[in-house]
Each structure stands twice: as C-alpha cells, then as structure tokens.
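Below is one structure; the comments refer to it alone.
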Amino acid sequence: MGVLKIISFALLLFQAIHAGNDCPSQLCGDNPFVVRFPFLLEGQQLQNCGYPGFDLSCTSQKPQVVVLNLPNSGDFWVRNINYFMQEIQLYDPNGCLPRRLLSLNLSSSPFMAGYSQNFTFLSCPTDSVRTRLAIINCLSNSTVSVLATSSMNLARAMNMCSIINTLPIPVLWPQDDDWLSSNLDEDLLLTWNVPSCGGCEARGGVCGFENSTTDQILCFSNRESVKAGPLVLLIVAIALAAPAATCSIGLIFYLCMESRRPRRESSNRAAQNSTIEAAQPGTSPAAGLDDSSIETYRKIVLGESRRLPGPNGVTCPICLADYHPNDTIRCIPECEHCFHSDCIDEWLRMQNTCPVCRNSPSPNRDNT
Ligand SMILES: *[C@@H]1O[C@H](CO)[C@@H](O)[C@H](O)[C@H]1NC(C)=O
Ligand SMILES: *[C@@H]1O[C@H](CO)[C@@H](O)[C@H](O)[C@H]1NC(C)=O
Ligand SMILES: *[C@@H]1O[C@H](CO)[C@@H](O)[C@H](O)[C@H]1NC(C)=O
Ligand SMILES: *[C@@H]1O[C@H](CO)[C@@H](O)[C@H](O)[C@H]1NC(C)=O
C-alpha cells in the first residue's frame, strides 16, 4: 500500500501542467514576495485572478507594504507568503500583535491557525510581577503589566492579577514550558486549505481559474518559476528514496534484532552501573524504552491544517500513511522527527532510536 501511494505521488508530479494563464504575478514595492493566485492585488490584477477572500492591497506611500484585511479583525501587513506550504505571515502595522490577537476572529476568513493554544491574558500590578515573566510591553504601562500564559495553573496562581480573557491564539509551535508567560511577539502565521495548490506549486505550476466564467481550478505552467526545478527534483528523489529507506529500515531492524541477541547479555552487564531509564531494575535492559519514558515525549493532536512542527512531511515515515486532522502524533525531542503516535510508540518499545535519523532519543543510551 505504501509503495502504491508513493507511485501515485510520483505520477502526480508528472501530471499535465496547462500552458498559459492571463494572471501574471505582481510585486508591491520592495517586498520580497510575489502576489499571485490564490491572492489578488486589488487594482493591479483581473478580478478572476484571485480566489474569494484572498484580496490584498499595496499601499501607495513608501515603503510600500502589502495589506490583508481580515473580516472582523481589520488590516494586517504581510511579511511573506509561502505558496507551496500555503502559509501567510502577518504582522501588526502598529507593532502590537498581542492587542490584535485579543480580538482576532478568523471565522469568516479562509485562513486558520496552524496550531492554536489557549492563552490567558492577565492584568497585574507592575510592582507585583516577577522579572522572569515576559511582559507584553505595548499593553502595559507604569502601573499595569499585561502578560499572557498558556498555563491555567500560572493564571490561577497569580491571584494579584485579574484575568482579561482566555482565548485560542495561533502559535508557530505549542509551548512546552507551561510555567512561563509569553510576550507573543512573533509574527502571526496563518494557513489555508482551500484552494489547495501546494501540489501544483511543487510541480512548478501556478493554480488559476480555468476561465472567467467557471470556478474550476487548473494548474498552469509558471514560466517565471525557474526555482521550482530543484524542488521537483528533490521531491522525486524523496519519492524514490522513501521505499528504499523503508525497506532498509525494516532490514536493519531485523538484522539488528538478530545480531543483538548474543551481544545483549554481555552489554547488559556493562550497562548495569549506569541507570537505564528504559528498564526497570531486575528486568533485562532491552534496546527499547518503557511506556513511561515514551510518554514523556511530546504528543500533538493535528489541527485542520495538518501542519507538523520541525523537519516533517505530510506522511508518517513508519506506516507511510498521510496525516489527517485530529491524528495524534508524537515527536522525538532531540531531532524533532514526528510520527503517528501509534506507530512510533510501537517502534520505541523495541528500539530506542529515531527511525528516520537513527539518533537515540534517550540521554541514557546503551553505548555498547
Ligand atoms: C466571530 O465572528 C462571527 C461573525 O462573523 C461571530 O458569529 C462569532 O461569534 C465571532 N466569534 C467570537 C469568538 O467573537
Ligand atoms: C481551549 O479552551 C476552550 C474553551 O475554553 C476548550 O474548549 C478547548 O478544549 C481548549 N483547547 C485546548 C487545546 O486546551
Ligand atoms: C495604565 O493602564 C490602565 C489600563 O490599561 C489604566 O487604567 C491606567 O490609568 C494606566 N496608567 C497610567 C499611569 O497610564
Ligand atoms: C469555461 O470553462 C467551462 C468549464 O470547462 C466551459 O464549459 C466554458 O465553455 C468555458 N467558457 C469559456 C468562455 O471559455
């Protein structure tokens, strides 16, 4: 099944790309990114060059900026657009993103958060806030300090503060350190699912409407895009390498299990003095981890955008099935490689290495 999936993905790469499309890319001032389908630069492109809800404008005064108006949430300035990943990076014209996050409502826009995490905004007397907590300066003054935390425990413990609101905030990466507050000063990264043009972009194409009277979307060739060549080659290489890698993982796994059998007894003795997290005292310190160690590795439930943190693709490298919204994945802390948690848990019980990079996730690895 996995091989079929890869073959069909490889075929997808070579699907016809249609020639011609009357919607040239546009630039706005010195901004480093182009504006093209599904986005539309108002006044500079034909109306059917953009998808509904993706209208942008280019300010006339210098330095020119690209502006996205989100219904109910107002204007944001655009730092960048990643057409392949289907991501748009936004910031606040007034340099106070937390203020905008407090009133962000994405429900009538095509955009959504890759991840969101509940944050509680607290308003505290300035002289009571300990210095290790990050303060949102643009919402604070000499008497009142505002901070945001993802920890309900911290919010409750700060009883000298009043709670402004608890609401889901789009974050780049779920915060592990539950006890610290955040000043939420990173850009706002939003994603979109529809129209889905990442695959077309990967093949060096650009999506567009078939013609001005239909909402049918086609993948057009993009003559400006010379840079797409290496990307396509890379994806083909990955598509070809993946089955080989999968086979070799299986083979190596099998060979390791076989060849370790006689050696395990001797390495057990060598390892006896060092604590092996994975093994209970008295039991055989096998190469795998126990469930409580596995449980310490971060688990994430995927959102609608199915965006994974770190260097991860759209397919679980162990079972070769694509990730879906609400899938539970688990990531290995050192290398940030992620997998379906069912798949990796099974693997880690037998083997304390990352199936992708072969690094050991355990600090107390068996060095023999
Ligand atoms: C967001 O806006 C919609 C209307 O567009 C409204 O129905 C909804 O209640 C708002 N959500 C929040 C959390 O304010
Ligand atoms: C965030 O809070 C809402 C309502 O308070 C809750 O339904 C939701 O499960 C929370 N999400 C997370 C990820 O904790
Ligand atoms: C600080 O901000 C709070 C609320 O935002 C306001 O009530 C207070 O008057 C402000 N204090 C000063 C000194 O500006
Ligand atoms: C637009 O595309 C639709 C669907 O393919 C087709 O039926 C229609 O004739 C086209 N219209 C024009 C003006 O080319």
Side-chain angles (χ1 to χ4, degrees), residues 15-23 37-38 40 45-55 68-76 88 90 92 94-130 133-150 152 155 158-171 181 183-185 188 190-197 200 205-221 303-305:
Q15 264 176 12
I17 294 182
H18 297 256
N21 169 353
D22 311 328
C23 297
F37 193 89
L40 167 83
Q45 283 163 317
L46 297 170
Q47 200 54 45
N48 69 321
C49 288
Y51 200 81
F54 287 76
D55 293 7
L68 171 69
N69 181 274
L70 290 176
N72 307 323
S73 304
D75 286 350
F76 286 84
I88 184 166
L90 305 171
D92 177 39
N94 299 313
C96 190
L97 190 61
R99 189 192 305 280
R100 308 296 304 281
L101 294 174
L102 274 166
S103 60
L104 190 68
N105 183 345
L106 297 173
S107 63
S108 351
S109 91
F111 303 102
M112 66 198 89
Y115 295 114
S116 59
Q117 193 170 16
N118 284 342
F119 273 84
T120 300
F121 286 76
L122 297 167
S123 169
C124 308
T126 292
D127 48 20
S128 74
V129 182
R130 280 179 289 174
L133 297 174
I135 304 295
I136 301 172
N137 285 321
C138 63
L139 294 178
S140 304
N141 61 25
S142 57
T143 55
V144 173
S145 289
V146 174
L147 48 95
T149 175
S150 55
M152 270 321 286
M158 305 275 292
N159 54 11
M160 73 298 275
C161 308
S162 56
I163 293 181
I164 301 173
N165 204 353
T166 300
L167 69 174
I169 297 292
V171 288
S181 64
N183 52 11
L184 299 172
D185 60 355
L188 175 60
L190 299 179
T191 67
W192 68 91
N193 283 342
V194 180
S196 174
C197 293
C200 172
V206 175
C207 277
F209 286 120
E210 180 176 0
N211 62 40
S212 54
T213 56
T214 163
D215 55 7
Q216 182 78 25
I217 292 175
L218 292 183
C219 186
F220 293 95
S221 72
E304 278 308 311
S305 77

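All ligand and atom numbering here is 1-based and tracks the order in the structure.
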Notebook entry, point to check: Does the protein put a heavy atom less than 4.0 Å from atom 13 (C) of ligand 3?
Noted result: yes

Next item on the list: Could you check whether the rings of Y51 and F37 sit parallel, tilted or perpendicular, using 30° and 60° as the cut-offs?
Entry: perpendicular

Notebook entry, point to check: Are the side chain of N193 and the backbone of S196 linked by a donor-acceptor contact shorter than 3.5 Å?
Noted result: no

Notebook entry, point to check: Which of the atoms in ligand 3, numbered in the order shown and given with their element, are less than 4.0 Å from a heavy-atom of S142?
Noted result: 13 (C)

Notebook entry, point to check: To which of S109, S107, S108 does the heavy atom nearest atom 3 (C) of ligand 1 belong?
Noted result: S107

Margin query: With rounding to the nearest 0.5 angstrom, report the CG to OG1 distance, L122 to T120.
Written below: 6.5 Å

Next item on the list: Could you check atom 4 (C) of ligand 3 against the protein and tell me its nearest heavy-atom contact, residue, atom and distance included?
Entry: V144 CG2, 4.5 Å

Item checked: Between N118 and S150: side-chain donor-acceptor atoms closer than 3.5 Å -> no

Next item on the list: List the closest protein heavy-atom neighbour of atom 2 (O) of ligand 3: residue, atom name, distance to the nearest 0.1 Å.
Entry: N141 ND2, 2.3 Å

Next item on the list: Consider ligand 4: state whether an atom of it lies below 4.0 angstrom from any non-hydrogen atom of E210.
Entry: yes

Notebook entry, point to check: Looking only at atom types and distance, does a side-chain atom of S73 sit under 3.5 Å from a main-chain N or O of N105, one as donor and one as acceptor?
Noted result: yes

Next item on the list: May I ask you to list the atoms of ligand 1 that are less than 4.0 angstrom from any heavy atom of N105?
Entry: 1 (C), 2 (O), 3 (C), 8 (C), 10 (C), 11 (N), 12 (C), 14 (O)

Check: Quick one: does ligand 3 sit under 4.0 Å from the side chain of S123, the backbone, both or neither, non-hydrogen atoms only?
Finding: neither

Note to self: Applying a heavy-atom cut-off of 4.0 Å, say which part of L167 lies close to ligand 1: side chain, backbone, both or neither.
What the structure shows: neither

Check: Within the side chain of R100, is there an N or O that forms a donor-acceptor pair under 3.5 Å with the backbone of L188?
Finding: no

Next item on the list: Could you name the option among T214, N211, L218 that has the heavy atom nearest to atom 8 (C) of ligand 4?
Entry: N211

Next item on the list: Can you measure from CE (M112) to OG1 (T191) and round to the nearest 0.5 angstrom?
Entry: 5.0 Å

